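Here the structure is laid out as structure tokens; the discussion comes afterwards.
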Amino acid sequence: MIKIAVAKGDGIGPEIMDATLSIFKAAGVPLEYQLVDMGKWVFDQGHPTGMTPEAKETIEKLGILFKGPMETPKGKGVKSINVTARKTWNTYANKRTFQTLHGVDTVFSKAGIPIDITVVRENIEDTYGGIEHMLTHDVALSRRFITRPGSMQVIKYAFEMARQKGARRITCGHKANIMKITDGLFLECFYEVARQYPELQADDVIVDDLCMKMVTRPDLFDVVVLTNLQGDIVSDLCAGLVGGLGFAPSANVGDHISIFEAVHGTAPDITGKNVANPTALLLSGIGMLRHLGLLESAANIENALLYTLEQGVHTGDFGDKSKPSVSTTEFAQAIISNLGQVPHHNPKPMLSDQPASCTVMTLEENPMLVSEETEDEKIVGVDMFIESDGQPDYIAAKCQRHGGVKFNLITISNRGTQVWPTGSKFTNLINQYRVRFESINLEGLNQQDVIGLYVSLSGDFKICSLELLNMWGDKKAYSLAQGQ
Ligand code: NAI
């Protein structure tokens, strides 16, 4: 028996989790469940993370969490328990599988276009750090972190998963044409890893084009890997292609701890009515069984589910409306009575179980992920973000006086658009400028030089924020302003 942690969740969570576990039980799945306290009601009891210390300890000991959806209490200061769990335990790869299901009508199933797309979304970084500040009353800033080690983790996972799945194509979705440094880094990592997988066709598509192509020719895609926010949007788009959120399973995979859950939320509008569709959670559970090496149980249950859908059995959210819908428990019961049946479409091979060892390593300290530095690094300037409602020429005249013998004033931009030394009077201004100083001849500076400039400049302006300008070797590690 493999022991896993189970959190039933809020809203429809307990209804769909009970339905799923009843199917597992009938199929004789060799799992033992330890229920843990997580969710809105745990927040309400005064635990600020939405889970009890005992729940945290159990999940870290067992390494696998099977969870129902959880509500994030409204109001500032409370972070989503779902996001916190994924980030805290470094489940860096969010894998979501979207397949044509016979019995679930969509425009593509009706047109005979098969869909089998796996989206791997980076799960830790990007704007999901939630590092946000108001720089002035008018200006909000969000910091978007994309890191080399974080990108490498998720991209390596995606390639390895694609190889094991027998995929033919792996695509990186990105916006590196605009976010040249952040998405550029993700894309660079993608092609670096691709070199180790010559059997896979690796390519990249700009994310807006990707969305357009996915809704016109979804059959062309196989495995798609993206950064966090873009991956979030693209995976919901894919859920729509195969029939909606009721059919979208999700695995949050890390090196030590993995979390399996449906993509959808707590569905407060249908809670307690015994009408929710348990398919997405069941598919997530089937993914978990495969992750644990319980391949026979996974195939047995998936075949029964596919067979049941082919029979036209459906909950109220999908299927043939001329046939009466069944309740959550009746749907689960139908699957149970179909255990042992083989569907006509996409039957899953009954591979024998290869149970994975589930001992979670205990960690003495936090893993530190650092890439090897190969090039010399030097500070060659600073971007000062200042508050002012003055015109660009006025700002430039003031700033030039502070450059001293070490700094040249290079450019001034407003919302990323250059307004000095050249610009247009038609550019609307906001009361917050980015003023770029570089060292004379890009000579190396030290932090004290920057602090000296900061102190001097602060005599004239409120400095909201600053960013050092670095060079690695002869490469500038910062972007140019638009128009520069
Ligand atoms: P939702 O996914 O709960 O509901 C959206 C719509 O889809 C509703 O009409 C709902 O009835 C329907 N729906 C969802 N799951 C269904 C199912 N299994 N069967 C039939 N119909 C289903 O999204 P919403 O309303 O935006 O969020 C509600 C709560 O869920 C929020 O507190 C949110 O924070 C939380 N949430 C939690 C997630 C998680 O635990 N991973 C993910 C998304 C939202």
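Every number for a ligand or one of its atoms is a count from 1 in the order of the listing. The first residue in the sequence is number 1, and the count goes up from there. Keep in mind that what you see is a predicted model, and the values were worked out from it rather than measured.
Considering backbone and side-chain N/O of Ala267, one or more are found under 3.5 Å from N/O of ligand 1. The N/O atoms of Glu71, backbone and side chain alike, include none that comes under 3.5 Å of an N/O atom in ligand 1. Considering both main-chain and side-chain atoms, Ile270 never comes within under 3.5 Å of ligand 1 through any nitrogen or oxygen pair. For the pair Gly265 and ligand 1, the shortest N or O to N or O distance falls below 3.5 Å.
Residue-ligand proximity: Lys40 is placed with every non-hydrogen atom at 4.0 Å or more from ligand 1. Ligand 1 has no atom lying under 4.0 Å from any heavy atom of Ile81.
There is a protein heavy atom closer than 4.0 angstrom to atom 38 (C) of ligand 1. Protein heavy atoms are absent from the 4.0 Å sphere centred on atom 33 (C) of ligand 1. Atom 3 (O) of ligand 1 lies below 4.0 Å from at least one non-hydrogen atom of the protein.
Heavy atoms of Thr72 found under 4.0 angstrom from ligand 1 belong to the backbone as well as the side chain.
Checked against the 6.0 Å centroid criterion, the rings of Phe260 and Phe66 do not qualify as a close aromatic pair.
Of the protein's non-hydrogen atoms, Thr266 N, 3.0 Å is the one closest to atom 30 (O) of ligand 1.
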For residues 32-46, which side-chain donor-acceptor pairs fall under 3.5 Å, sequence neighbours excluded?
from, atom 1, to, atom 2, distance (Å)
Gln34, OE1, Lys3, NZ, 3.3
Lys40, NZ, Asp44, OD2, 2.9

Using atom types as modelled, flag every donor-acceptor pair under 3.5 Å from a side chain in residues 98-107 to any protein atom, sequence neighbours excluded.
from, atom 1, to, atom 2, distance (Å)
Thr100, OG1, Ile115, N, 2.6
Thr100, OG1, Ile115, O, 3.3
Thr106, OG1, Phe108, N, 3.3
Thr106, OG1, Ser109, N, 3.0
Thr106, OG1, Ser109, OG, 3.4

